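I have placed the structure first, in the form of structure tokens, so that the comments after it can refer back to it.
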Amino acid sequence: MTDQPDLRRGESRSAENSSSVVVDLKEYKQSKDPPPVTFHRRELDAILWIYGRMVGEGEWRDYAIDHLKDCAIFSVFKRSGEMPLFRIEKNPKLATKQGAYSVLNTHGVILKRGHELQQVLKVFNKALKLVEK
């Protein structure tokens, strides 16, 4: 006979033999790394609306989204193998200062920064020009 418990008769194994461990959820959440910064659905809707318009005009061809620890970045490309033409960044640490949202060009120069994404995205609006014949 073995000294293993008979699970068919309702005997249980000791906790030290079990592979499951009880973990306090609050401690687990505090010990984990914080989740990365992401764009919310409404933010992505606004960005992708501009992206779609620019693709339709033949200006942009590809994009990439990066979710990092401290910021989220939407990069826009003319061709996928090149440097991004523009980067739309969300940095929550700057929300109380200059604003969480910014648009940067290829060289890293900030074109527009602000607290509201819609206002920052206006940098992509083209001014209408009067053409005379």
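Numbering of residues begins at 1 and proceeds along the displayed sequence. On a predicted model such as this, the values are computed, not experimentally measured, just so you know.
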Any donor-acceptor pair under 3.5 Å linking the side chain of Ser75 with the backbone of Tyr63?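 No, Ser75 side chain to Tyr63 backbone: no donor-acceptor pair under 3.5 Å.
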
All side-chain contact (heavy atoms from CB on, under 4.5 Å) counterparts of Ile110, not counting sequence neighbours: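 Result, side-chain contact (heavy atoms from CB on, under 4.5 Å) vs Ile110: Ser102, Leu104, Arg113.
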
With the 4.5 Å side-chain cut-off for hydrophobic clustering, are [X] and [Y] part of the same group?
X	Y	value
Met54	Leu111	yes
Ile73	Leu94	no
Leu121	Leu85	yes

Can you tell me how far CD of Glu89 sits from CG of Asp66, rounded to the nearest 0.5 angstrom?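 Taking CG in Asp66 and CD in Glu89, the distance rounds to 9.5 Å.
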
How far does CE of Met83 sit from NE2 of His107, to the nearest 0.5 angstrom?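 With rounding to 0.5 Å, CE (Met83) is 9.0 Å from NE2 (His107).
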
Should [X] and [Y] count as side-chain neighbours, where that means a heavy-atom distance under 4.5 Å?
X	Y	value
Trp49	Asp45	no
Leu117	Phe39	no
Ile88	Val120	no
Val103	Phe124	yes

Glu43: side chain to side chain donor-acceptor pair (under 3.5 Å) partners, not counting sequence neighbours: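 Side chain to side chain donor-acceptor pair (under 3.5 Å) list for Glu43, sorted by chain: Lys90, Tyr101.
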
Residues in side chain to side chain donor-acceptor pair (under 3.5 Å) contact with Arg53, at least two apart in sequence or another chain: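 Arg53: side chain to side chain donor-acceptor pair (under 3.5 Å) contacts with Asn125.
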
Quick check on Glu59: does its CD atom have over 12 non-hydrogen neighbours (other residues, nucleotides or ligands) under 6.0 Å away?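 More than 12 heavy atoms, drawn from other residues, nucleotides or ligands, come within 6.0 Å of this atom.
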
Taking every non-hydrogen atom, the tightest pair across Lys122 and Lys112: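 Where Lys122 meets Lys112 most closely, the heavy atoms are CB-NZ, 4.5 Å.
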
Grab the two heavy atoms, one from His67 and one from Ala72, that are nearest each other, plus how far apart they are.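 Heavy atoms only, the tightest pair is CD2-CB, 4.0 Å.
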
side-chain contact (heavy atoms from CB on, under 4.5 Å) assessment of Phe86 paired with Val123: CA-CA 11 Å; Phe86 299 101; Val123 75; over 6 Å; no

As a quick check of understanding, evaluate side-chain contact (heavy atoms from CB on, under 4.5 Å) for Asn91 and Val37, giving each step before the final call. CA-CA 8 Å; Asn91 188 341; Val37 176; over 6 Å; no

Applying side-chain contact (heavy atoms from CB on, under 4.5 Å) to Ile65 and Leu44, what does each step give before you reach the verdict? CA-CA 10 Å; Ile65 301 175; Leu44 274 177; 4.0 Å; yes

